[in-house]
Amino acid sequence: MLGGSVRGIPYYVTGIILLYGILFGRLICGFLCPFGFVQDLLYRIKAGKMRVPRGVDAPLRKAKYVILVVFVILLPLTAGSAYGAGIPWFCKFICPAGTLQAGLPLMAVNEDLRLATGVLFAFKLSVLAVVIIAAILIYRPFCKYLCPLGAIYGLLNRWSFYGMQVDKSRCVGCGACEKTCKMDVEVRKNVNSPECIRCGACKSVCPGGAIRSEFSCAKKIIRR
Amino acid sequence: MNRAVKYGILIFALALITLGIIVGEPLEVFRKAAAVCLECIGVG
């Protein structure tokens, strides 16, 4: 959209993303994203699960911000096609969601599309294969390491109207919340971390009921 | 401070949406959404 806009900055789309981000934060990743759902299903496959070592995991988590800046903002704005139209670099070269959820079903029923495939489609299929295998072994690798939309919503997590809260007076310090968090959020330190997808797993295992989620502008109505 | 940032972003988002509507961007978005995005599916 960035490259496609005549004016350079797509006000409408940017506004919509910011609006949803400031209202819900990464609740969208946890409950609305279809590719997140696909990854959740893949992780249910009974196979050896792995936790990425912290030394590898921490820098990899920053990759989604690099992808956001380079592939979603800089390249579409600066490197367009020969006709002057922008290229959606992330969608075209990285994102496996469109390949899985639209490309494969469409190609199954449309011969013309099958004939149009080439090196790019083969490349995107291989990206999809890597993400699928990773999603069986690691919880939501695309959300953790690659998704630029998740990066935007993550940055808005600390301010979003829908947020998590820890009542320190009710916390018994057992750490059950952090053990159960598959996104590896340090719940007691930073419950509204950019990595939290608001799945509520921490809330459900907390023995003291210290964790809650709510819309901060309507505390009196929603709070238990 | 947090409250100011939160409402600041909300107002900024609504202002961008309004500006986008004024310059006719929703039509551009719906046009894109109604067609198959060849780049997204890995053909274009």
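Proteins get letters first, then strands, A, B, ... in listed order; numbering begins at 1 in each.
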Original post:
Do A:Pro10 and B:Glu28 come close enough that some side-chain heavy atom pair is under 4.5 Å?
Top reply: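 A:Pro10 vs B:Glu28: side chains apart.
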
Original post:
Is the shortest heavy-atom distance from the side chain of B:Ile17 to the side chain of A:Leu18 under 4.5 Å?
Top reply: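 No; the side chains remain at least 4.5 Å from each other.
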
For [X], does the [atom1] atom have more than 12 heavy-atom neighbours from other residues, nucleotides or ligands under 6.0 Å away?
{"X": "B:Phe12", "atom1": "CZ", "value": "no"}
{"X": "A:Phe90", "atom1": "CZ", "value": "yes"}
{"X": "B:Tyr7", "atom1": "OH", "value": "yes"}

Original post:
Is there any side-chain hydrogen bond (donor to acceptor under 3.5 Å, both in side chains) pair reaching into residues 16-40 of chain A, and which pairs are they, with sequence neighbours excluded?
Top reply: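 Qualifying pairs: A:Asp40-A:Tyr139, A:Asp40-A:Arg140.
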
Could you tell me the separation between the [atom1] atom of [X] and the [atom2] atom of [Y], rounded to the nearest 0.5 Å?
{"X": "A:Phe93", "Y": "B:Glu39", "atom1": "CZ", "atom2": "CD", "answer": "9.0 Å"}
{"X": "A:Thr14", "Y": "B:Leu16", "atom1": "OG1", "atom2": "CG", "answer": "6.0 Å"}
{"X": "B:Ile41", "Y": "A:Thr99", "atom1": "CD1", "atom2": "OG1", "answer": "8.5 Å"}
{"X": "A:Leu156", "Y": "B:Leu10", "atom1": "CG", "atom2": "CG", "answer": "11.0 Å"}

Original post:
If you tally heavy-atom pairs under 4.5 Å against chain A, which of B:Pro26, B:Cys37, B:Gly20, B:Ala15 wins?
Top reply: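 Looking at each option in turn, the highest pair count goes to B:Pro26.
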
Original post:
Using a heavy-atom distance cut-off of less than 4.5 Å, which residues of residues 121-137 of chain A contact chain B?
Top reply: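 Those residues of residues 121-137 of chain A which have a heavy atom under 4.5 Å from chain B are A:Phe121, A:Lys124.
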
Original post:
Under 4.5 Å, heavy atom to heavy atom, which residues of residues 144-153 of chain A contact chain B?
Top reply: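 No residue falls under the 4.5 Å cut-off.
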
Original post:
Is chain B contacted by the side chain of A:Leu106, its backbone, both, or neither, given a heavy-atom distance below 4.5 Å?
Top reply: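 It is the side chain, since no backbone atom gets that close.
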
**OP:** Can you sort out the partners of B:Asn2 under side chain to side chain donor-acceptor pair (under 3.5 Å), two or more places apart, ordered by chain and number?
**Re:**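 Side chain to side chain donor-acceptor pair (under 3.5 Å) check on B:Asn2 returns A:Trp159.
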
Original post:
For B:Ile22, is it the side chain, the backbone, both or neither that has a heavy atom under 4.5 Å from a heavy atom of chain A?
Top reply: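 Answer is neither: B:Ile22 stays 4.5 Å or more from chain A.
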
